[in-house]
Amino acid sequence: MVSYDMGGTTAKICLIDRYVPKTAREFEVARTWRFKKGSGMPISIPVIEMVEIGAGGGSIASVDGLRQLRVGPQSAGSEPGPACYGRGGARPTVTDADLLLGRLDPQGFAGGTMTLDSAAATAAVATHLAEPLALDETSAAYGLAEMVDENMSNAARMHAVESGKDLAEHMMIAFGGAAPLHAARLCEKLGIGALLIPPGAGVGSAIGFLRAPFGFESVRSAYTRLDAFDAAQVNGILTELREEATAFVRQSAGEGPLRIECTAFMRYVGQGWEVPVEIEIRDYRTGDGDALRALFDEAYARLFGRVIDGLGVEIVSWSLRAASEVPPPATSPRQRPERAAVSTGSRRMFDAQSGRFETAAVVERAALRPGDFVAGPAVITERETTTVVTASRIAIQQADGCLLLQAKS
């Protein structure tokens, strides 16, 4: 899977392999240059590895000195917010563009509790984008939306290449208030065939936080050469890490079962970058260096397509994670389309792939039953977000409440 979270200020993309998100040992804070890697302060803590760009619903668009359209990283936030909020914001944002392109209903925003100001959004786009670029407001809004989608797709491609993955083999899961508005277009750009919009996608991060296991990760630097494998040293390190991690988790998770995972960060002797290799937690013996070398070769070949003969392998550091057990989610077979969903109306929505306005059906997500399908172009509305079904896609309601968007056959 590739997860895609887009909220008000940023968009985050993360790769998930075998149900586990990709992790890293370093996190960068206080970046000073357009969210550029290397422009902030590195902190050595275990984190979920994500690529993050300054692209959210409140990201502000502008025209630079070369008459190029730029989006973010500055954001209008929630106060004053996008121009269409009517709270004093005067700069065009991604949300303003989505409104002008027909993706948002000005009368039904936030479940109808807030009315969007289309005139203010039009004025902001016209003044700051359309006039400097000698375009009409629709073309400027289209350019803004395409720019932010292209920025996100480029970031996703780079993240996948750095991880040795092919995004076309992945399914996307989108959450956050703005992600369902842009996810289908992102899949078109990335060649991703299937997209999931889970229930409560607009508040998906909050749901994930409440459902996440309680865990703790212990990290230890301890140099070990596999051709001089010291089993006693390794067993001592693993014992200390396990005691430290489990003691911390027990304080909040109680005496229930725990999930224990151990990773050795390995590299060829002299390299400057380590490969994380999952290893067993057991009593190691003197001759087990060869078994760990085989695990490293497998992980290295998976990333780079080959191994290097004749070089020794070393372990630089160790990581052990203990976490409370979380019951696995209920699974169900993929639901095929059975009946057309009942629409509550229609509206004009701009389709980026065709480059023109189309008549889009409007469907309420709460009214969908398993097997109901909605052929694009369409919008599926709910209280916290709106799912845009582009003309190339069909949305099918699944038994578990998810929306599955896939390419039309």
Side-chain angles (χ1 to χ4, degrees), residues 1-7 10-24 37 47-53 55 146 148-176 178-201 204-205 207-208 211-212 261 275-276 278 298-305 328-337 352-353 376 380 385 387-390 392-409:
M1 302 285 291
V2 54
S3 76
Y4 165 43
D5 174 14
M6 183 178 178
T10 61
K12 304 174 184 67
I13 293 170
C14 175
L15 295 174
I16 300 171
D17 189 21
R18 291 181 295 174
Y19 308 101
V20 179
K22 185 175 174 61
T23 58
K37 188 175 183 179
V47 293
I48 291 180
E49 185 170 355
M50 300 180 291
V51 58
E52 180 183 36
I53 64 172
E146 277 293 279
V148 75
D149 290 345
E150 193 61 35
N151 287 344
M152 288 184 290
S153 62
N154 283 335
R157 291 187 193 101
M158 183 175 294
H159 189 48
V161 168
E162 290 173 348
S163 304
K165 301 293 184 180
D166 180 6
L167 284 178
E169 299 175 353
H170 288 62
M171 176 185 286
M172 178 181 285
I173 180 167
F175 54 96
L181 289 159
H182 294 261
R185 180 58 176 157
L186 209 59
C187 288
E188 291 177 344
K189 289 177 174 288
L190 295 172
I192 295 176
L195 162 67
L196 277 179
I197 310 292
S205 292
I207 294 173
R211 292 179 60 88
E261 300 171 343
V275 174
E278 291 187 23
E298 181 183 347
Y300 196 92
R302 189 164 55 245
L303 278 174
F304 301 106
T331 59
S332 58
R334 182 178 295 195
Q335 182 73 52
R336 296 186 177 276
Q353 200 166 45
I380 301 175
T385 189
T387 299
V388 170
V389 185
T390 56
S392 67
R393 307 272 150 167
I394 180 173
I396 308 161
Q397 179 71 11
Q398 302 297 295
D400 61 359
C402 288
L403 275 173
L404 172 65
L405 276 67
Q406 60 189 28
K408 291 179 179 177
S409 56

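Keep in mind that this is a model prediction, so the values were computed, not measured. Numbers for residues simply follow the sequence, beginning at 1.
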_Test item: side-chain donor near acceptor, Glu188 and Ser392, under 3.5 Å_ = yes
*So how far is it from Met172 CE to Ile197 CD1, rounded to the nearest 0.5 Å?*
9.0 Å
*From Gln398 CD over to Leu196 CG, what is the distance, rounded to the nearest 0.5 angstrom?*
7.0 Å
*Residues in salt bridge (Lys or Arg N to Asp or Glu O under 4.0 Å) with Glu146, at least two apart?*
Arg185, Lys189
*Please name the pair of heavy atoms, one in Leu167 and one in Leu190, separated by the smallest distance, quoted to 0.1 Å.*
CD1-CD2, 4.0 Å
*What distance do Leu15 atom CG and Ile48 atom CD1 have between them, rounded to the nearest 0.5 Å?*
12.0 Å
*SG-CD1 distance between Cys402 and Ile396, expressed to the nearest 0.5 angstrom*: 12.5 Å
*4.5 Å side-chain heavy-atom contact, Thr387 and Leu405*: yes
*For the residue pair Ile207 and Gly200, what are the closest heavy atoms and their distance?*
CD1-O, 3.7 Å
*Can you name the nearest heavy-atom pair linking Ser205 to Phe175, along with the distance?*
OG-CE1, 3.8 Å
*Among His170, Lys22, His159, find the residue that satisfies the side-chain contact (heavy atoms from CB on, under 4.5 Å) test when tested with Lys165.*
His170
*Any chance you could measure Ile173, atom CD1, to Asp5, atom CG, to the nearest 0.5 Å?*
11.0 Å
*Quick one: closest heavy-atom pair of Cys14 and Pro21, and the distance?*
SG-CB, 3.9 Å
*Among all residues two or more places apart in sequence or in another chain, which pass the side chain to side chain contact (heavy atoms under 4.5 Å, CB included) test with Val161?*
none
_Can a donor-acceptor pair be found, under 3.5 Å and without considering hydrogens, that links the side chain of Arg157 to the backbone of Met152?_
no
_Residue pair Leu404, Arg334: steps toward the side-chain contact (heavy atoms from CB on, under 4.5 Å) verdict_ = CA-CA 9 Å; Leu404 172 65; Arg334 182 178 295 195; 3.6 Å; yes
*Could you pull out the closest heavy-atom pair between Ala179 and Ala174, with the gap in Å?*
CB-CB, 4.1 Å
*List the atom of Leu195, the atom of Met171, and the distance in Å for their closest heavy-atom pair.*
N-CG, 4.4 Å
*asked:* To the closest 0.5 Å, what do you measure between OG1 (Thr385) and CE (Met6)?
replied: 10.0 Å
*Got His182 and Val148 here, is their nearest side-chain heavy-atom distance under 4.5 Å?*
yes
